[in-house]
Amino acid sequence: MSPARQAPRRGSRGDGTTDQRLLDPGARLDTHTDLWRVLKIQAEFVEGFGQLSDLGPTIAVFGSARTAVDDPSYAAAQEVGRRLAEEGFTVLTGGGPGAMEAANKGARTAGGLSVGLGIELPYETGMNEFVEHGVNFRYFFVRKTMFIKYARGFVVLPGGLGTLDELFEALTLAQTGKVTQFPIVLLGTEFWGGLVEWLRGSVLASGKIKQSDLDMMTVTDDVELAVSLMREASAPLGGLLGE
Ligand SMILES: C/C(=C\CNc1ncnc2c1ncn2[C@@H]1O[C@H](COP(=O)(O)O)[C@@H](O)[C@H]1O)CO
């Protein structure tokens, strides 16, 4: 093992996270360190590509880290994980608790491949117990690239800032044509209805987006609809069971 590998990995306590050391204004002055950091970022991309390139047809499921086990959206996440796995999809989540855990649980108990992309955070959380194949990232933006690159579509359950960030990144990439054939399903009409209403009444009405941008999302409570939209978009790409 090389000396660099033997050195204790700077943890998520005390000296902050890798993302903090890259992004915090106080850390921006160290150009020399930043140049070395580029190599670490590059290594993280290489590791991610190596670990994830053989997943087969994959759908990412996003949602709150704080969703409790007795929350109806936990059951919905578990159900969508299960059904996606039964259809032959690999289920990819952030590997954390809440809705992520539920989706991984559904996939795992259905015998599907259950994958988690963990992220270094200022507090240790670790991967949920239902992740079969876990990959940990230090940089949020590297991890986000992996979600988009390896998923054929997104199912988004109720969530907070992390979930909204993932949703709007996918929408922006679809709007700008960076990804095509990329279904985005918002599961939970009561939760998502207000956001969609605001997008329509304010953002669309003031000309900041087009109707076609709104049409990129399907809002539903129907897990079967979510799964069939993923199947339809994935079919031309091939690789699903029975195709
Ligand atoms: C808040 C707690 C743990 C956080 N742990 C996470 N582990 C992995 N991925 C996470 C975590 N928190 C957020 N994410 C990512 O963002 C989405 C959820 O964020 P939200 O703000 O909770 O909506 C999720 O899809 C992940 O990709 C302790 O309970």
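Counting starts at 1 for both ligands and their atoms, in listed order.
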Inset, instruction - Using a cut-off of 6.0 Å, state whether more than 12 heavy atoms not belonging to Q211 lie near its atom CD. - result: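 Buried by this count: over 12 neighbours within 6.0 Å.
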
Legend entry - Within 6.0 angstrom of L161 CG, more than 12 heavy atoms from elsewhere: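 No.
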
Inset, instruction - Would you give the length of the straight line joining atom CG of D221 to atom CG of L186, rounded to the nearest 0.5 angstrom? - result: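 Output value for this atom pair is 11.0 Å.
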
Near [X], which atoms of ligand 1 are under 4.0 Å from a heavy atom of that residue?
| X | answer |
| --- | --- |
| G63 | 17 (C), 18 (C), 24 (C), 25 (O) |
| G94 | 8 (C), 9 (N), 27 (O) |
| G159 | 23 (O) |
| G96 | 7 (N), 8 (C) |

Give the residue and atom name of whichever protein heavy atom lies nearest to [atom], and the separation in Å to one decimal.
| atom | value |
| --- | --- |
| atom 3 (C) of ligand 1 | T125 CG2, 3.3 Å |
| atom 5 (N) of ligand 1 | L121 CD1, 3.5 Å |
| atom 17 (C) of ligand 1 | E166 OE1, 3.4 Å |
| atom 11 (C) of ligand 1 | M100 CE, 3.8 Å |

So, regarding [X] and ligand 1 (criterion: nitrogen or oxygen to nitrogen or oxygen, under 3.5 Å), is there a contact or not?
| X | answer |
| --- | --- |
| G162 | yes |
| A65 | yes |
| G160 | yes |

Inset, instruction - May I ask whether S64 places a heavy atom under 4.0 Å from ligand 1? - result: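 Yes, S64 has heavy atoms under 4.0 Å from ligand 1.
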
Legend entry - Close approach of G118 to ligand 1, heavy atoms, under 4.0 angstrom: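 G118: no contact with ligand 1 (<4.0 Å).
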
Inset, instruction - Using a strict cut-off of less than 4.0 Å between a Lys/Arg side-chain nitrogen and an Asp/Glu carboxylate oxygen, indicate whether E224 and R83 qualify as a salt bridge. - result: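 Looking at E224 and R83, the cut-off is met.
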
Legend entry - Pair R82 + E86, salt bridge at N-O below 4.0 Å: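 A salt bridge is present here (some side-chain N lies under 4.0 Å from a carboxylate O).
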
Inset, instruction - Using modelled atom types only, decide if a donor and an acceptor are shared between the side chain of E120 and the backbone of T18 within a distance under 3.5 Å. - result: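 Yes, the answer is positive, given that a donor and an acceptor are paired below the 3.5 Å cut-off.
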
Legend entry - Donor-acceptor pair, side chain of D19 and main chain of F140, under 3.5 angstrom: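 Answer holds: yes.
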
Which bit of [X] gets closer than 4.0 Å to ligand 1, counting heavy atoms only: side chain, backbone, both or neither?
| X | value |
| --- | --- |
| R143 | side chain |
| L117 | neither |
| T163 | both |

Inset, instruction - Give the intermediate values and the outcome of side chain to side chain contact (heavy atoms under 4.5 Å, CB included) for residues L117 and L52. - result: CA-CA 10 Å; L117 305 187; L52 301 169; 3.8 Å; yes

Legend entry - Parallel, tilted or perpendicular, as decided by the 30° and 60° cut-offs, for the rings of F141 and F45: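 Rings of F45 and F141: tilted, 30 to 60°.
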
Inset, instruction - Could you give me the CA-CA distance, side-chain angles and deciding distance for D71 and S73, then say whether side chain to side chain donor-acceptor pair (under 3.5 Å) is met? - result: CA-CA 5 Å; D71 185 317; S73 64; 3.0 Å; yes

